[in-house]
Amino acid sequence: MKREIIVAFDGSPHSRDAVEWAALECRTRRAELTVCHVWDGPHAEREAAITEQRRRHAGRVLSEGAQLAERLLPGREVRAILARGAPGPELVSLSRTAEMLVVGSRGHGGLSGLLLGSVSAHVSGHAFCPVLVIPPHAHVPQPSCKKPSWTQWTDPPTHLPR
C-alpha cells in the first residue's frame with residue numbers, strides 16, 4: 001500500500017490549517033499528499049448552468065488548496081481530487097486507501113458555535129484510517145534540522161532511587 005495522506009480542503013481557515021498539518025505529516029512520514037475538495041451541486045437538468053458555475057468554483061477552491069500544499073512541500077508532487085457528493089461519505093470512501101485523513105474541525109458549514117463540524121464528526125466515526133482533526137488556530141510545529149544531542153543522557157541521573 002502506498003503511503004498517502006489525504007487532506008480535505010474547502011477554502012476555510014480551518015482547512016488551511018489542515019493542509020499545513022498534512023504537509024508536516026507527509027514530511028515526517030515520507031508520504032504522498034492528496035488534497036481533496038468535495039462539492040455538491042443541483043442535480044436537476046434545468047439547473048445545469050448553476051451546476052457548471054459551482055463545478056468551476058469547486059475547481060478554483062481545489063486549485064488554491066493544491067497550490068498551498070505545493071508551496072509547503074517544494075519539489076514534491078501533490079495530487080488533487082475534485083469529488084462531487086456529500087463531503088462526509090466521499091471522504092470516508094477516499095479513506096480506504098489512505099494512511100491518514102486530515103480535516104479541519106470546522107469548515108464553511110452553517111452552525112459556527114459547534115466545536116466539531118458535521119463533516120469532521122462524520123469522518124472521525126466512519127473512516128477506514130486514522131483521522132487527524134485540526135482545531136482552530138493550532139500551532140503547526142516547524143521541523144527541526146538540528147540533530148539531537150544524546151550525550152546528556154549517557155550517565156544515569158543521580159537523583160532517582162536505585
Suppose we screen for salt bridge (Lys or Arg N to Asp or Glu O under 4.0 Å). Which residues come up paired with Arg16, at least two apart in sequence or across chains? Glu64
The side chain to side chain contact (heavy atoms under 4.5 Å, CB included) partners of Ala18 (sequence neighbours excluded) come to Val7, Val102, Ile134
Contacts of type salt bridge (Lys or Arg N to Asp or Glu O under 4.0 Å), residue Arg30, not counting sequence neighbours: none
Can you give me the closest heavy-atom contact between Val19 and Gly65, atom names plus distance? CG1-O, 4.4 Å
Look up atom CH2 in Trp39 and atom CZ in Arg84, then write down how far apart they are to the nearest 0.5 Å. 4.0 Å
Provide the closest heavy-atom pair for Val35 versus Ala69 in the form atom of the first, atom of the second, distance. CG2-CB, 3.8 Å
Hey, could you give me the NE2/CZ distance between His37 and Arg60, rounded to the nearest 0.5 Å? 10.5 Å
Considering all heavy atoms, the nearest Ser124-Ser120 contact: OG-O, 2.7 Å
Mind checking what makes salt bridge (Lys or Arg N to Asp or Glu O under 4.0 Å) contact with Arg79, not counting sequence neighbours? Glu4
Rounded to the nearest 0.5 Å, what separation is found between the OG atom of Ser63 and the CG atom of Leu68? 11.0 Å
Approximate separation, where rounding is to 0.5 Å, of Phe128 CZ and Leu101 CG: 12.0 Å
Can you sort out the partners of Ala80 under side chain to side chain contact (heavy atoms under 4.5 Å, CB included), two or more places apart, ordered by chain and number? Leu62, Ala66
Value for CD (Gln67) from CG (Leu72), rounded to nearest 0.5 Å, stands at 12.0 Å
Apply salt bridge (Lys or Arg N to Asp or Glu O under 4.0 Å) to Glu70 and list each qualifying residue two or more places apart in sequence or on a separate chain. none
Any sub-3.5 Å donor-acceptor pair from Ser15's side-chain atoms to Asp10's backbone N or O? yes
For Ser93, side chain to side chain donor-acceptor pair (under 3.5 Å) partners two or more places apart: none
Pairwise distance CZ(Phe9) to NE2(His14) - rounded to 0.5 angstrom: 12.5 Å
Tell me, with the steps shown, if Cys36 and Leu94 meet side-chain contact (heavy atoms from CB on, under 4.5 Å). CA-CA 9 Å; Cys36 179; Leu94 289 170; 3.4 Å; yes
Specify the closest pair of heavy atoms between Leu33 and Ala22, including all atoms of both residues, with the distance to one decimal. CD1-CB, 3.7 Å
Looking at every non-hydrogen atom in both residues, tell me the closest pair between Ala58 and Leu82 and how far apart they are. CB-CD1, 3.7 Å
Taking the side chain as C-beta and beyond, is there a heavy-atom pair between Thr34 and Val78 under 4.5 Å? no
For Gln53, check side chain to side chain donor-acceptor pair (under 3.5 Å) against everything at least two apart and list the hits. none
Contacts of type side chain to side chain contact (heavy atoms under 4.5 Å, CB included), residue Pro130, not counting sequence neighbours: none
Qualifying residues under side chain to side chain contact (heavy atoms under 4.5 Å, CB included), relative to Glu25, sequence neighbours excluded: Ile5, Arg29, Met100, Leu132
From CA spacing to verdict: side-chain contact (heavy atoms from CB on, under 4.5 Å), Cys26, Arg76: CA-CA 10 Å; Cys26 283; Arg76 304 222 359 225; 4.1 Å; yes
Looking at Pro135 and Asp17, what are the two nearest heavy atoms and their distance? O-OD2, 4.4 Å
What residues, two or more places apart in sequence or in another chain, satisfy ring-ring contact (aromatic ring centres under 6.0 Å, His included) together with His126? His122
